[in-house]
Amino acid sequence: MIYETVITTMNPDGEVHIAPMGIRHEQEKYLIAPFKPSRTLDNLLHSGVAVINATTDVLIFAGCLTGRRDWPLAAATHIACKRLAGALAHVEVRVESSKDDELRPVFACRAVHSATHAPFRGFNRAQAAVVEAAILVSRLHLLPEHKIRSELKYLAIAISKTAGENERTAWQWLLEKVENYYA
């Protein structure tokens, strides 16, 4: 099963990189598989640590894919990294092994610390739609335009019925990214 999260890693110069990413949790290991090339990949190779952040703030998912990466951070507890300050929960992980791949190397990580900061009340349909749209936007270069537009048209139903202000803003950011890509 893949869980949609936000990964934070540190560049060699100490700058935090924030990236939405699906991760897997299997047999006490967290599997992180960033695409090649990516800053998350470079940072994992360099530092060997990351923070897996659980959040329902869809502005972060959409923002990271549309050039908005300035989100409040807090220090991690057991590794040299930072976490999202507003995360509902976070897991600090250390890379134990990696398997190279032409497209997506896989890093098997072990948790060194985890914390819950606020209750998870669930996603509403609009939040889930924004996360799905963010995944589509991250694959604009991989998927045909008709598939992207068809999926967005369907996801727009949930936005129109259940979105709050944050979901509408995040949705608009993603739609602008799509239009700019195809312009």
Side-chain angles (χ1 to χ4, degrees), residues 1-124 127-128 130-135 137-139 166-167 170 173-174:
M1 183 178 299
I2 296 174
Y3 301 92
E4 298 304 329
T5 67
V6 176
I7 304 290
T8 48
T9 57
M10 297 279 279
N11 296 346
D13 65 3
E15 179 185 353
V16 178
H17 179 68
I18 304 169
M21 189 169 302
I23 59 107
R24 292 176 299 191
H25 188 213
E26 297 176 358
Q27 301 174 354
E28 303 304 314
K29 300 236 177 166
Y30 292 87
L31 304 178
I32 302 173
F35 281 101
K36 279 186 177 178
S38 71
R39 189 172 296 168
T40 300
L41 172 64
D42 295 342
N43 291 347
L44 284 169
L45 290 169
H46 170 76
S47 71
V49 298
V51 179
I52 300 167
N53 299 272
T55 183
T56 55
D57 186 348
V58 294
L59 289 171
I60 297 171
F61 286 90
C64 287
L65 291 164
T66 59
R68 298 163 175 93
R69 295 184 178 272
D70 189 22
W71 305 103
L73 301 168
T77 307
H78 290 76
I79 60 173
C81 196
K82 294 194 176 178
R83 65 174 182 85
L84 293 174
L88 299 175
H90 80 277
V91 180
E92 299 172 21
V93 299
R94 192 174 306 281
V95 174
E96 286 194 335
S97 64
S98 63
K99 181 179 177 188
D100 198 15
D101 181 80
E102 193 174 304
L103 183 62
R104 294 184 79 171
V106 177
F107 293 84
C109 304
R110 175 137 340 252
V112 296
H113 177 72
S114 64
T116 300
H117 309 289
F120 173 66
R121 292 186 172 88
F123 280 111
N124 75 16
Q127 289 170 320
V130 169
V131 171
E132 287 300 320
I135 293 166
V137 167
S138 76
R139 289 164 172 73
N166 285 353
E167 293 78 25
W173 291 348
L174 294 169

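Looking at Ile135 and Phe61, their side chains never come closer than 4.5 Å, going by heavy atoms from C-beta outward. Counting heavy atoms from C-beta outward, Arg39 and Asn11 have side chains that approach closer than 4.5 Å.
In this structure, Phe123 and Thr55 approach most closely via the heavy-atom pair CZ-O, 3.9 Å. Across Ser38 and Leu41, no two heavy atoms sit closer than the pair OG-N, 3.1 Å. Closest approach of Thr8 and Lys82 over heavy atoms only: OG1-O, 2.6 Å. Shown here for Phe120 and Leu88, the closest heavy-atom pair between the two residues is CD1-CD1, 3.8 Å. Smallest separation of non-hydrogen atoms from Val106 and Ala33: CG2-CB, 4.1 Å. Of all heavy-atom pairs between Arg69 and Cys64, the closest is NH2-O, 2.9 Å.
Atoms CH2 and CG, on Trp173 and Leu59 in that order, are 4.5 Å from each other to the nearest 0.5 Å. Between atom SG of residue Cys109 and atom CD1 of residue Ile52 there is a gap of 6.5 Å, rounded to the nearest 0.5 Å. Note that CZ of Arg24 is 13.0 Å distant from NZ of Lys29, once rounded to the nearest 0.5 Å. Ile60 contributes atom CD1, which lies 6.0 Å from atom CH2 of Trp71 (distance to the nearest 0.5 angstrom). Atom CZ of residue Arg139 and atom CG of residue Leu65 lie 10.0 Å apart, to the nearest 0.5 angstrom.
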Evaluate Thr66 against Leu174 for side chain to side chain contact (heavy atoms under 4.5 Å, CB included), listing each step before the verdict. CA-CA 7 Å; Thr66 59; Leu174 294 169; 4.3 Å; yes

Could you walk me through whether Phe35 and Thr40 pass the side chain to side chain contact (heavy atoms under 4.5 Å, CB included) check? CA-CA 8 Å; Phe35 281 101; Thr40 300; over 6 Å; no

Please walk me through it: do Val93 and Ile32 pass side chain to side chain contact (heavy atoms under 4.5 Å, CB included)? CA-CA 10 Å; Val93 299; Ile32 302 173; 4.2 Å; yes

Residues Ile2, Glu4; criterion side chain to side chain contact (heavy atoms under 4.5 Å, CB included); working and verdict: CA-CA 7 Å; Ile2 296 174; Glu4 298 304 329; 3.7 Å; yes

His17 and Glu15: side chain to side chain donor-acceptor pair (under 3.5 Å), yes or no, with the steps? CA-CA 7 Å; His17 179 68; Glu15 179 185 353; over 6 Å; no

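Using a distance-only test at 3.5 Å, with no hydrogens or angles considered, no donor-acceptor pair links the side chain of Asn53 to the main chain of Arg83. Checked by atom type and distance alone, the side chain of Glu26 never pairs as donor or acceptor with a backbone atom of Leu31 at under 3.5 Å. With hydrogens and angles ignored, the 3.5 Å screen pairs a side-chain donor or acceptor of Glu92 with a backbone N or O of His78.
For Glu28, the CD atom counts as loosely surrounded, since its 6.0 Å shell holds 12 or fewer non-hydrogen atoms of other residues, nucleotides or ligands. For Lys36, the NZ atom counts as densely surrounded, since its 6.0 Å shell holds more than 12 non-hydrogen atoms of other residues, nucleotides or ligands.
Ring planes of His113 and His90: tilted class, angle from 30 to 60°.
For the side chain to side chain contact (heavy atoms under 4.5 Å, CB included) with Val51, the qualifying choice from Thr5, Ile79, Ile7, Leu73 is Ile79, the only one to do so.
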